[in-house]
Structures are given as C-alpha cells and as structure tokens.
There are 2 protein chains.
Amino acid sequence: MNNLARSADDLASARNNAKTLVEYAYRMIREDILSAKLKPGSRLRVEHMRTEYDVGSSTLREALSLLVADRLVVSVGQRGFRVAPISLADIQDIMDLRKVLETRALRESIQLGTDEWEASVVAAFHRLSKVEERIDGQMTPELVDQWEACNNAFHDALISHSSSPWLLHFRDVLYHQSERYRRMALVDRTVPRDVHQEHADIKDAALDRDADAACRLTEEHIDRTLSVMSNIAALAEDADADA
Amino acid sequence: MNNLARSADDLASARNNAKTLVEYAYRMIREDILSAKLKPGSRLRVEHMRTEYDVGSSTLREALSLLVADRLVVSVGQRGFRVAPISLADIQDIMDLRKVLETRALRESIQLGTDEWEASVVAAFHRLSKVEERIDGQMTPELVDQWEACNNAFHDALISHSSSPWLLHFRDVLYHQSERYRRMALVDRTVPRDVHQEHADIKDAALDRDADAACRLTEEHIDRTLSVMSNIAALAEDADADA
DNA sequence: AAATTAAAAAATCTCGAAATTTTTATTGAC
DNA sequence: GTCAATAAAAATTTCGAGATTTTTTAATTT
C-alpha cells in the first residue's frame, strides 16, 4: 500500500489545477482506486493516507465521503473506510444497466445530434485510434491511462447530445465503475479482440443516423467487454484484499 | 432559515439512532431539504448550520459532501454549499427516467417475487391505505411525513425482488429527488386525484403477475404525479431563492 | 489449553481555532 | 456621480489535537 510514487511536479500541478484541497485529494484517491493501486476491499486508514497524500484528516474524510457517493469507497459505521470490493455479480449488474442507459442516451443523441456533434464524434474516434495504434506495439501503464481517457471521451461524445442530465450522470457513474474492472482486464488481457473495429462500426452507424444498428453494436460491444472482464484474475480468488 | 424548531427529545433520539454524528447531521439536513424547510437554491452557511444542528464544522462538511452525492446539495469551488435548485426541466427529466428504471425493476420483481414478496406488498399497501384514510379529513405536516414514508415503502416493496442493486440504487436516488417536488405539491395541491385507486390497481396487477399491466399503470401513475408537480408554485417564479 | 476479562494501543470521529479566499465597505481619483 | 483601488468583514477551507470507539495484547481463571 505504500510507495504510490509520484513526482513532486505531478503533485504540485495537481494541487494547482484543483480549486480546493478536497478536490485534489478526491481526484488522487479516485485515480488510485480506478488504477487498482488501492486494492478492492482494502482498508483506507485516515492516519496513513494523511501522510501519503499530505492533507489534513478532515480534508481527507471529506474527499472519502465524496467517493462513497460514487460507490468507489464504502464506509462502515464506527470502523472507517474501505475501497469498494469487486465481484462478478457486481460487474455483470453494472454492464447490464450500462447497456440500458447507454443505448437510451445514444438513441436520443443520434436523433438530436448536429453537424457539430458529428465532428466531435469523428475527432474523438481519431484520437482514440491514434492511441490504439501505439498500443499494438507495447502496453505501458501510461498508454492504459491515455487509452482510458480517449475511450471515455469517444463514448461521451457519442451520447453527448442526449437531453437528460440524469441519464448522463448515471451512465457516467457506471462507466467509471466499469473502468476499474476494465483496467485490470487490460493488464492480464487474454482474449484477443478487435476493439478498434467495434468502435469504428459504432461510429459509422451513428453518423449514418442508424440508431437501431448503433444501439445493437453498442450492446454487443458492452457484452464483449464484460466477457473479457469476467476472466480477470482478481475475480477468481475471493475478491477482497487486506483484512 | 432560522427556527427549524425541534424538540430536545427529538434531537437526543436522532443522535442515539445514528452510529456517528456525521450520519445524524446527514439525516437531519436531508430531511430539512426534502421537506423544503431549507429552500431550493438557498445558501448553506457552515457557520450558521454549526449552531443550528449543534455539530462541528468538519462533521457538517462531511454530511454536506454526502448530500452532494445525492444531488440534494451542490458545492461551488471556493464558495460553499447550496441546496440544489429545482426546475421544471429537472423534474421532467427525473420522472422520465424513473419510469424507465421503476418499470424495469417492477417487471423483474414480478417475475422473481415469492409468496413472501406478495405478503410484503399487501402489507405495505394496507399501511398506506390507512394513512390515506386519515388524510382525507385534514392534511397536517405530520401526515405528509407519514404518507411519504408509506408511499416509499409501498413502491419499494413492489420492486424489492429485482436482482439489480444498481438499478435499485438509482431508482432510490430519483425517488428521493422527486420526493422534494411531491411534498411541495402536497401542500398547495390543486388537481384532485384518486391516488389510492391508482395504487390499488398497481398492487392488483402485480399480484396477478401481469407485468405489462403493472408497468403500464406505474407509468400512468408517474405521469399523473408529474402533471401535479408541474403546477407547484415554486416552479412558477424563477425557482431559486436567497441570494 | 480455551475462554473470559482487563489493560494498552491504534484507529476513528469530532471539534474549534488558524489560514485562505471571497465578499462587502470605504476611500480616493477622475 | 462613476469607477478603481484598498481595507475591513465574513465565509469557506484546512489543520491537528483531543475525545470515543474499536482492536489488539496480556493476564487471569476455569
């Protein structure tokens, strides 16, 4: 749990970008949970983290409370915080509901999307493609981060013209929940898969304004992602870590 | 904003029921927002609330952070917390998505429900009916609270056998969001409505295991509720309060 | 040796004061 | 009188020490 090494420069810039220290702490801890530096189920001791992230205990608790909302952290009565555990049932549930929300938002977005929307989809797809080219050679942690960001941006662009803030909010929560599993799957990836082609197909259907096809492809895309996730090592052992 | 009068006994018991002071503060503030004692859009000054709820600033901030997650409070950078504003567009969005989530959960619940589930639905309906009988005479704030609790319990019982924790979680968030509007509508209620019959019909369809009918009735129920809410006074003026 | 109790250690939770930042009020210049 | 700059006030944000609770360790009894 120690040694989440980060350069002093990284720390300084992260602190400057955030409006408050709480926001900074929130982002850092969240990133460490999503990247599994902080393992599912492990305890989050406020006293330890205080030195790790260099913030006061109240600030830290506030950041953790925000993460409880995102369901990336759970808090138990008088017994502190833990990283939310992972399980097969959980990711199945997440992906199942993601299909519902994502296709609903996509359908509406395709209907309402403007020329500007089309441009943003094409741009996001292009950026994602460039990162994927580089990944084919080697899979470094930095590339995983970049790919995650581009993948998120691409799917975001597709559904961005939905008129329902609540729908987008919930789909965002679920997307980040699945991100944790997806990053683990990227590390010990076993199933080969042409994700690039899947994205291209969704993009083309969306630009053709073929909502039915785009939604069908999206559901297949999510199903395939789930089947890759189901195989990750962390789910085989009985999940949770650190007593 | 002052004078949220509460008896000393109420305070003491609420503090005892909660495992932590944060939980206590969370519940109290949440209740005051849902009942609109704290008005939509109004500022939540930590210093004032500290004396009002009799807790320290860190404890209070932590409770407010949890409410930010529920989207009942919004926090702006270096400028403190506010009660989340209300708007017509917001409640339309909430109710629209509630129809999707609630019917999905209901369908699954009807399919999976046991005899025990049927019993809990009948029991919840009965409790709700008893409160509704008393309301017909007079509408006091205490009865509004009781009706809200029973209404929530009834709808909860109906969908309780859904197998998707995430679906239930999101529908819970939306239910409480709509609760704020519903309580306002109960105060200046204009449209007469046989809510009791609507509930009875949904209950009967659910017990008949007629998912299609139960879902259709639920959607109509939500639609009618929305049309009542659309007429509340607070939405007519430009919503937000307190500069 | 296992179980119970008591003491010590560690961790969470809570508080209010100090540091920052924003807002309001005052002063001075044009 | 309006605008800008400055000073004072008010509010948010942050911190670490103290109070409570939980956990661990040690001692005692059966």
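Chain letters run A, B, ... following the sequence lines, proteins first and then strands; every chain starts at 1.
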From the candidates D/dA11, D/dT13, C/dT12, the one with an atom nearest any side-chain atom of A/Thr20 is D/dT13

Testing C/dT12, D/dT14, C/dC15 for proximity to the side chain of B/Leu21, the answer is C/dC15

> With a 4.5 Å limit on heavy-atom distance, are the side chains of B/Arg50 and B/Arg45 in contact?
Replying inline: no

OP1, OP2 of [N] versus side-chain N and O of [X]: anything below 4.0 Å?
{"X": "B/Arg43", "N": "D/dT12", "answer": "yes"}
{"X": "A/Ser58", "N": "D/dC15", "answer": "no"}
{"X": "A/Arg50", "N": "D/dG16", "answer": "yes"}
{"X": "B/Arg79", "N": "D/dA11", "answer": "no"}

[X] has an atom [atom1]; how far is it from atom [atom2] of [N], in whole Å?
{"X": "A/Leu60", "N": "C/dA11", "atom1": "CG", "atom2": "C1'", "answer": "13 Å"}
{"X": "A/Tyr24", "N": "D/dT13", "atom1": "OH", "atom2": "C1'", "answer": "16 Å"}
{"X": "B/Glu62", "N": "D/dT14", "atom1": "CD", "atom2": "C1'", "answer": "14 Å"}
{"X": "B/Leu44", "N": "D/dT13", "atom1": "CG", "atom2": "P", "answer": "12 Å"}
{"X": "B/Arg82", "N": "D/dA11", "atom1": "CZ", "atom2": "P", "answer": "13 Å"}
{"X": "B/Met49", "N": "D/dT12", "atom1": "CE", "atom2": "P", "answer": "10 Å"}
{"X": "B/Arg45", "N": "D/dT13", "atom1": "CZ", "atom2": "C1'", "answer": "16 Å"}
{"X": "B/His48", "N": "D/dA11", "atom1": "NE2", "atom2": "P", "answer": "5 Å"}

5'-most contact on DNA chain D (nearest-nucleotide basis), B/Glu47 vs A/Thr59, goes to B/Glu47

By nearest-heavy-atom nucleotide on DNA chain D, the more 5' of A/Gln78 and B/Arg61 is B/Arg61

Please check this pair: side chain of [X] against backbone of [Y], looking for a donor-acceptor N/O pair closer than 3.5 Å.
{"X": "A/Trp147", "Y": "A/Glu142", "result": "no"}
{"X": "B/Ser35", "Y": "B/Glu31", "result": "yes"}
{"X": "B/Ser230", "Y": "B/Leu226", "result": "yes"}

Honestly, is B/Arg182 close enough over B/Tyr175, meaning NZ or CZ under 6.0 Å from the six-membered ring centre and within 45° of the axis?
yes

